[in-house]
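Report on one structure; see the data block that follows.
Numbers restart at 1 for each chain; the letters A, B, ... are given by sequence-line order, proteins then strands.
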Number of protein chains: 2
Amino acid sequence: MIRFVRHLPLAESEKRAILDTPREIRRFQRGDTIYRPDEPCDAARILVEGLAAQYRILPNGERQSADLVFPARFCDLGCILFGVSDHFLAALTDVEVVEISTGRVLDLFARYPQIPVLLLHQETRNRSILFERLLSVGRRPAIRRLAHLLTEFRLRRELAGVAPSRAKRVLLPQRWIGDFLGLTTEHVSRTIAKLKAMGLIEQHRNAIVIRDPAGLARLAEFDPGYLHPGAEAPPQPPARRGREGGATVAGFGDRGSGGPKISASES
Amino acid sequence: MIRFVRHLPLAESEKRAILDTPREIRRFQRGDTIYRPDEPCDAARILVEGLAAQYRILPNGERQSADLVFPARFCDLGCILFGVSDHFLAALTDVEVVEISTGRVLDLFARYPQIPVLLLHQETRNRSILFERLLSVGRRPAIRRLAHLLTEFRLRRELAGVAPSRAKRVLLPQRWIGDFLGLTTEHVSRTIAKLKAMGLIEQHRNAIVIRDPAGLARLAEFDPGYLHPGAEAPPQPPARRGREGGATVAGFGDRGSGGPKISASES
DNA sequence: CGCGGGGTTGACTTTTGTCAAGAGTTGTGG
DNA sequence: CCACAACTCTTGACAAAAGTCAACCCCGCG
């Protein structure tokens, strides 16, 4: 149930502390709104199980989604740091969320300085992903946008440990795909049809299955660098101090630099 | 020169430490590329003077810009945290950048845990701003996009301490405006013309001057919440509890901890 | 069964992009 | 100090991408 803590790249003592922190589990079903920006908000929320999507709305009701939230991730730092969240969170599947009160989180920050650093990593990566989404929406034509989104989600699921075969299935209502890509559902539907006609994907019921990951990535001109693949999930044993003027920080030892490259085009 | 440190919401000892850290100043002129994602990168870069823009490019050369970098801000956390930066930084004016080697920055992190927390704040806000940009590009028509961008920049400059009258002048090539908004320069030009015709802005040479800030904000359906205005510049935030040097996270003292109960899942 | 929520399809509209030419500016060197 | 080159911005005619509206299909479900 709190298995998610195990996957964080933190030292044992830090995990201990998190596990010892009082928390509350809340469950939601697919389609529920987990939180909204206009509610008071005094707890950190961490997704434990399921999949959720962050989005904002316009006065006319149009929605734009920024990103998916995967398990073991903070849903909204804004809530602890600013006391408000700046978006809606929707449950894309049945979902479990852990809540830890803001006060306790800040306490953890103070006692375990590695935690803010970890979050800083995650937030920096989150911003990078968002930047890439903006690039898609701003400059790529619909078909590439879609190819890119599908490739990104597949890759992120793999990086999070999902088996490649499973990661090739994307189960996401077209309405949501449109909200990620800034497209209408009609256009999403037509675009999916094109991808299908090209033999890059197939559809089973409401799921998209990537048939040719490499081809899809090529069409998307996908460059995985922005995901900072090296910095992902693999539980990182507590680090000893690095050499060279402290080139590493405990817990994030040798992330990044020179890091492992993931080719977008594996098949 | 390092006046920028004074504006950071940190304790004196922390500012001292930053000031005592060896660093290097580099200067660039308008139009220069300050860094690119394909270069090795082993230092944190903090903008001291001037204005810069972060952008990514597509293989065909199209650009999408994410955000402006204002003075006293880190340009790219990715560089220290992951050893690569994921974007280009262009100097929009003549610019001064301070570089502090990654090793020393990580050392500062370790010795002054408030610093990562401060950066976490900034990065969370940065992501929020980026989210709003995505909302613009994905869902708002060109004229609102532009109105929104102009309003955002004006407001952010005011929040950073620029006099309102000065903040109403936006000096930004249309090429860049297009890169922020995902539009071509031709379309930007036409859109500016419309805003002008509506009496909301005027143009003097290459500068746009906001004539009717309220009207422009209204057209943009601008809601400033995403800027987290409370969390901005004011050097010493209100610490209601422990002062300076203690157990509280500078400026984030005690946000509501005694947890009100949350209602269970809604439908 | 009949209902409803996705998803699909087609005809048509609107927005934005493309291409091309021209007008202002700015800066530079002769 | 002028002339010209190099930008940047503007404008127009046209093309393409994406949106709108409306009907319809397909299933799963009560």
Legend entry - Within residues 182-204 of chain A, residues whose heavy atoms come under 4.0 Å of DNA chain D: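 Within residues 182-204 of chain A, the residues near DNA chain D are A:Gly182, A:Leu183, A:Thr184, A:Glu186, A:His187, A:Arg190.
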Inset, instruction - Let me know, please, whether A:Arg205 or B:Asn206 comes out on the 5' side of the other along DNA chain C by nearest nucleotide. - result: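 The residue closer to the strand's 5' end, by nearest nucleotide, is A:Arg205.
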Euclidean distance, [Y] [atom2] relative to [X] [atom1], rounded to 0.5 Å:
| X | Y | atom1 | atom2 | result |
| --- | --- | --- | --- | --- |
| B:Phe180 | B:Tyr55 | CZ | OH | 11.5 Å |
| B:Glu99 | B:Tyr35 | CD | OH | 10.5 Å |
| B:Thr191 | B:Lys196 | OG1 | NZ | 11.5 Å |

Inset, instruction - Using only heavy-atom distances, determine whether the side chains of A:Thr185 and A:Arg190 contain a donor-acceptor pair under 3.5 Å. - result: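 No, because no side-chain N or O of A:Thr185 sits under 3.5 Å from a partner of the opposite role on A:Arg190.
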Atom pair distance, as rounded to whole Å: [atom1] in [X] and [atom2] in [N]:
| X | N | atom1 | atom2 | result |
| --- | --- | --- | --- | --- |
| A:Arg30 | C:dG5 | CZ | P | 13 Å |
| A:Ile208 | C:dG6 | CD1 | P | 15 Å |
| A:Gln64 | D:dG19 | CD | P | 11 Å |
| A:Arg139 | D:dA18 | CZ | C1' | 16 Å |
| B:Leu171 | C:dT25 | CG | P | 15 Å |
| A:Leu146 | D:dA18 | CG | C1' | 14 Å |
| A:Glu62 | D:dA18 | CD | P | 15 Å |

Legend entry - Sugar-phosphate, base or nothing in reach of A:Arg145, heavy atoms under 4.0 Å: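 Answer is sugar-phosphate: A:Arg145 comes under 4.0 Å of backbone atoms only.
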Legend entry - Residue-phosphate contact under 4.0 Å: A:Gln174 side-chain N/O, C:dG5 OP1/OP2: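 For C:dG5, OP1/OP2 do not have a side-chain N/O of A:Gln174 under 4.0 Å.
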Inset, instruction - Answer with yes or no after comparing the ring centroid distance for B:Phe131 and B:His228 against a 6.0 Å cut-off, counting only values under it. - result: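 No, the ring centres sit 6.0 Å or more apart.
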Inset, instruction - For residues B:Leu219 and B:Leu195, determine if any side-chain heavy atom of one lies less than 4.5 Å from a side-chain heavy atom of the other. - result: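 The answer is yes; the side chains approach within 4.5 Å.
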